[in-house]
Participant: 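I'd like to ask some things about the structure below.
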Amino acid sequence: MALSPLNQRRWRNFKRNRRAFWSLIIFSIAFFVTLFAEVIANDKPILVSYRGEIYAPVVKFYPETAFGGDFKTEADYKDPVVQCLIATGGVEYCFDEPEEIMDEVSAGTYAEDGFEKGWALWPLIPYSFDTPVDQPGAAPLPPSSHNWLGTDDRKRDVVARVIYGFRLSIVFTLIVTTLASVIGIIAGAIQGYFGGWVDLIFQRVIEIWSSTPSLYIIIILFAILGRSFWLLVLLTVLFGWTALVGVVRAEFLRARNLEYVRAAKALGVSNRVIMFRHMLPNAMVATVTMLPFIVTGTISTLAGLDFLGFGLPSTAPSLGELTLQAKQNLQAPWLAFTAFFTFAIMLSLLVFIFEGVRDAFDPRKTFS
C-alpha cells in the first residue's frame with residue numbers, strides 16, 4: 001500500500017536522521033535474528049536424517065524409539081547412543097560401543113548389514129537457555145571456545161540466555177507498550193475532548209490509581225496466583241496506562257476549541273471521527289515524545305522485577321536474572337560486562353529510534 005504524501009515526508013525525515021535510521025537497521029536485524037533463537041541456540045538438532053526420512057526436533061517431539069532406541073521419552077540428542085543410532089540407521093551395536101562405532105563412521109571405515117548413514121544438523125550454539133553445559137570446572141565457567149561468554153552459576157550458556165532474554169524483553173515491551181499506549185491515548189482523548197465533569201472525574205481516578213503501590217500488588221498477586229508471563233503483562237499494563245494520559249489530555253484540551261474542530265462539529269461530524277481522525281494526528285508529536293520513556297521504563301521494570309525475584313518464572317531466560325547473577329558472582333566479571341553492554345546497547349538503540357520517530361512527526365523539524 002502506497003504511503004500518503006504526509007507519511008512519505010515523515011519517512012524521508014526519519015531517513016535523514018542517520019543515527020535513528022542506522023539504529024533501526026541494527027535493532028531490526030538483532031530482533032529478527034533472535035526471533036529464530038531456537039535454530040541459533042538449542043540443545044536439539046535443527047534437522048535429523050534417519051533412514052532416509054527428515055525430522056525437525058526443534059519444532060516437534062520425537063521419542064527415542066523413533067530412532068531405534070528403547071525409551072518413549074524425548075530423545076536426548078547429545079547422548080552418544082542416540083547419536084550412534086542416528087548415524088548408523090539404528091544398528092544394535094550402538095547400545096554396546098557407541099563411541100567406537102561413531103569413530104568408525106566418522107572415518108568412513110564402518111561397514112554393517114543394513115547400515116544407512118544418517119546425519120544431524122546442529123545449531124550454531126548447541127545449548128538452549130536452560131541447558132546445563134557439560135564442561136569440567138566449577139560454575140560459573142569463564143569464556144571459552146565452547147561458551148563464548150562463559151556460563152552462569154548454574155552452568156548455563158550466557159550467549160544462549162542473552163539471545164532468548166533479548167527476544168523475551170522486546171516482545172514483552174512491545175506488548176505492554178502497545179496496550180498501555182492505546183488505553184492511555186483513548187483515556188486522554190476522552191478527558192481532553194469532553195472536559196468538564198468527565199475530565200474532573202477521570203483526573204481523580206487517575207490520581208488514586210497512580211498512587212497505588214504497584215510493586216506490592218504485583219508481589220502479592222504473584223504469591224497468590226504464581227508467576228507467569230501473561231500475568232506480568234496484565235499487571236504492567238494496568239499500572240502503566242496512565243503514562244500517556246496527561247500528554248494526550250493536554251493536547252486535546254488545547255485543540256478542542258480550534259476552528260477546524262468547531263467547523264467539523266458544525267458539519268455534524270461524529271465525536272469519534274473528530275477525536276481520532278482529526279485531533280489525534282496533531283497530538284502525535286507530544287505522544288511519540290513520551291514513547292522512549294515508556295519503552296525504556298518497561299524494560300527496566302521487567303529487569304528490576306527479575307532482579308528482585310518477583311518477575312518472570314525462574315525457568316524463563318531473563319536479563320534481569322543475569323544481572324542478579326553478576327551481583328552474586330563478582331569473581332565472574334564476564335556476567336557483569338555482558339549484562340551491562342546488553343542493556344546499554346538495547347536501550348540506546350531504542351532511544352535513538354524513537355528520537356528519530358519524534359522528529360519525523362514534528363512538522364517544524366527539518367534535516368540538512
Side-chain angles (χ1 to χ4, degrees), residues 30 33-46 57-58 61 71 73-80 82-83 122-173 218-219 222-223 226-232 299-346:
V33 169
T34 58
L35 289 177
F36 302 93
E38 284 77 10
V39 299
I40 298 173
N42 210 320
D43 55 358
K44 303 174 185 177
I46 302 172
V58 295
F61 171 92
F71 303 106
T73 55
E74 186 172 16
D76 181 2
Y77 298 95
K78 291 189 175 183
D79 185 351
V82 175
Q83 293 180 350
W122 284 89
L124 179 64
I125 302 170
Y127 307 104
S128 186
F129 64 89
D130 57 352
T131 305
V133 175
D134 187 15
Q135 294 293 332
L141 296 175
S144 65
S145 58
H146 297 284
N147 309 104
W148 301 338
L149 293 177
T151 69
D152 60 13
D153 58 8
R154 301 180 190 175
K155 268 198 173 182
R156 298 172 299 189
D157 186 72
V158 173
V159 174
R161 292 190 66 78
V162 167
I163 292 173
Y164 282 89
F166 181 91
R167 180 180 67 179
L168 184 64
S169 296
I170 298 303
V171 170
F172 176 85
T173 301
I218 291 175
I219 294 173
F222 275 1
R227 290 187 286 174
S228 70
F229 176 84
W230 291 109
L231 178 58
L232 185 58
I299 294 176
S300 301
T301 298
L302 176 62
L305 288 172
D306 289 335
F307 182 83
L308 296 173
F310 300 112
L312 296 173
S314 58
T315 56
S318 167
L319 298 178
E321 193 259 350
L322 179 63
T323 307
L324 176 61
Q325 292 212 14
K327 170 183 174 292
Q328 295 174 341
N329 298 276
L330 299 179
Q331 78 281 6
W334 56 88
L335 296 176
F337 284 120
T338 301
F340 170 77
F341 283 109
T342 301
F343 278 116
I345 293 172
M346 177 170 57

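Atom set for the values below is all heavy atoms of this structure, side chains included, hydrogens, waters and symmetry mates excluded.
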Participant: Kindly give the heavy-atom pair with the smallest separation between Val82 and Ala75, and that separation in Å.
Facilitator: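 Of all heavy-atom pairs spanning Val82 and Ala75, the closest is CG1-CB, 4.3 Å.
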
Participant: Can you see which heavy atom on Tyr127 is nearest to which on Ala160, and at what distance?
Facilitator: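 Looks like O-CB, 3.5 Å.
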
Participant: Determine the minimum heavy-atom distance between Ala41 and Tyr164, stating which atoms define it.
Facilitator: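 Smallest heavy-atom distance, with atoms named: O-OH, 2.6 Å.
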
Participant: Would you say that Pro123 contacts Val39 through its side chain, given a criterion of any heavy-atom pair below 4.5 Å between the two side chains?
Facilitator: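 They are not in side-chain contact.
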
Participant: Do the side chains of Leu335 and Asp153 get nearer than 4.5 Å, heavy atoms only?
Facilitator: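 Heavy-atom side-chain distance check fails, nothing below 4.5 Å.
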
Participant: Looking at every heavy atom in both Ser169 and Thr173, which two are closest together, and how far apart are they?
Facilitator: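 For Ser169 versus Thr173, the nearest heavy atoms are O-OG1, 2.7 Å.
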
Participant: Between Pro45 and Pro57, what is the shortest heavy-atom contact and its length?
Facilitator: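 Residues Pro45 and Pro57, closest heavy atoms: O-CD, 3.4 Å.
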
Participant: Do the side chains of Met346 and Leu319 get nearer than 4.5 Å, heavy atoms only?
Facilitator: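 A side-chain contact exists here, since the closest heavy-atom pair is under 4.5 Å.
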
Participant: With side-chain contact (heavy atoms from CB on, under 4.5 Å) as the criterion, how do Gln135 and Asn147 come out once you've worked through the C-alpha distance, each side chain's angles and the decisive distance to 0.1 Å?
Facilitator: CA-CA 10 Å; Gln135 294 293 332; Asn147 309 104; 4.1 Å; yes

Participant: Quick check: do Trp148 and Ile125 have side-chain heavy atoms less than 4.5 Å from each other?
Facilitator: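 Yes, at least one pair of side-chain atoms sits under 4.5 Å.
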
Participant: Please name the residue in the list Lys327, Glu321, Gln328 that meets the side-chain hydrogen bond (donor to acceptor under 3.5 Å, both in side chains) test with Gln325.
Facilitator: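 In the set Lys327, Glu321, Gln328, the residue that makes a side-chain hydrogen bond (donor to acceptor under 3.5 Å, both in side chains) with Gln325 is Glu321.
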
Participant: Under 3.5 Å, is there a donor-acceptor pair between the side chain of Ser228 and the main chain of Leu231?
Facilitator: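 Side chain of Ser228 to backbone of Leu231: a pair is present.
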
Participant: Nearest 0.5 Å, what's the CZ-CD1 distance between Arg227 and Ile218?
Facilitator: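 Reported to 0.5 Å precision, the distance equals 12.5 Å.
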
Participant: What closest approach, in Å, do Trp334 and Leu149 show between heavy atoms, and which atom pair accounts for it?
Facilitator: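 Nearest pair, atom of Trp334 first, then Leu149: CD1-O, 3.2 Å.
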
Participant: Nearest 0.5 Å please: distance from the CG atom of Asp306 over to the CG atom of Leu168.
Facilitator: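 If I round to the nearest 0.5 Å, the distance is 8.0 Å.
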
Participant: Taking atom CZ of Phe129 and atom CG of Asp43, what is their separation to the nearest 0.5 Å?
Facilitator: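 Atom-to-atom, Phe129:CZ and Asp43:CG are 9.5 Å apart.
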
Participant: Are Arg161 and Leu322 close enough, and set up right, to give a side-chain contact (heavy atoms from CB on, under 4.5 Å), and what steps lead you there?
Facilitator: CA-CA 8 Å; Arg161 292 190 66 78; Leu322 179 63; 5.8 Å; no

Participant: For the pair Phe343 and Ile299, evaluate side-chain contact (heavy atoms from CB on, under 4.5 Å) and give the outcome as yes or no after the intermediate values.
Facilitator: CA-CA 9 Å; Phe343 278 116; Ile299 294 176; 4.1 Å; yes

Participant: Are the side chain of Lys44 and the backbone N or O of Glu38 linked by a donor-acceptor pair below 3.5 Å?
Facilitator: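 Absent.
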
Participant: Taking atom CZ of Phe222 and atom CG of Leu305, what is their separation to the nearest 0.5 Å?
Facilitator: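 One finds 7.0 Å between CZ of Phe222 and CG of Leu305.
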
Participant: Please round to the nearest 0.5 Å and tell me the distance separating atom CG of Leu141 and atom CG of Asp152.
Facilitator: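 Rounded to the nearest 0.5 Å, the CG-CG separation comes to 9.5 Å.
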
Participant: Between Val159 and Thr338, is any pair of side-chain heavy atoms under 4.5 Å apart?
Facilitator: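 Not in contact.
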
Participant: One pair to check against side-chain contact (heavy atoms from CB on, under 4.5 Å): Ile170 and Thr34. What are the steps and the verdict?
Facilitator: CA-CA 10 Å; Ile170 298 303; Thr34 58; over 6 Å; no

Participant: Listed by chain and number, what are the side-chain contact (heavy atoms from CB on, under 4.5 Å) partners of Ala30, not counting sequence neighbours?
Facilitator: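 Scan of Ala30 (side-chain contact (heavy atoms from CB on, under 4.5 Å), adjacent residues dropped) gives Phe166.
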
Participant: Calculate, to the nearest 0.5 Å, the distance between atoms CZ and CD1 belonging to Arg167 and Ile40 respectively.
Facilitator: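 Taking CZ in Arg167 and CD1 in Ile40, the distance rounds to 9.0 Å.
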
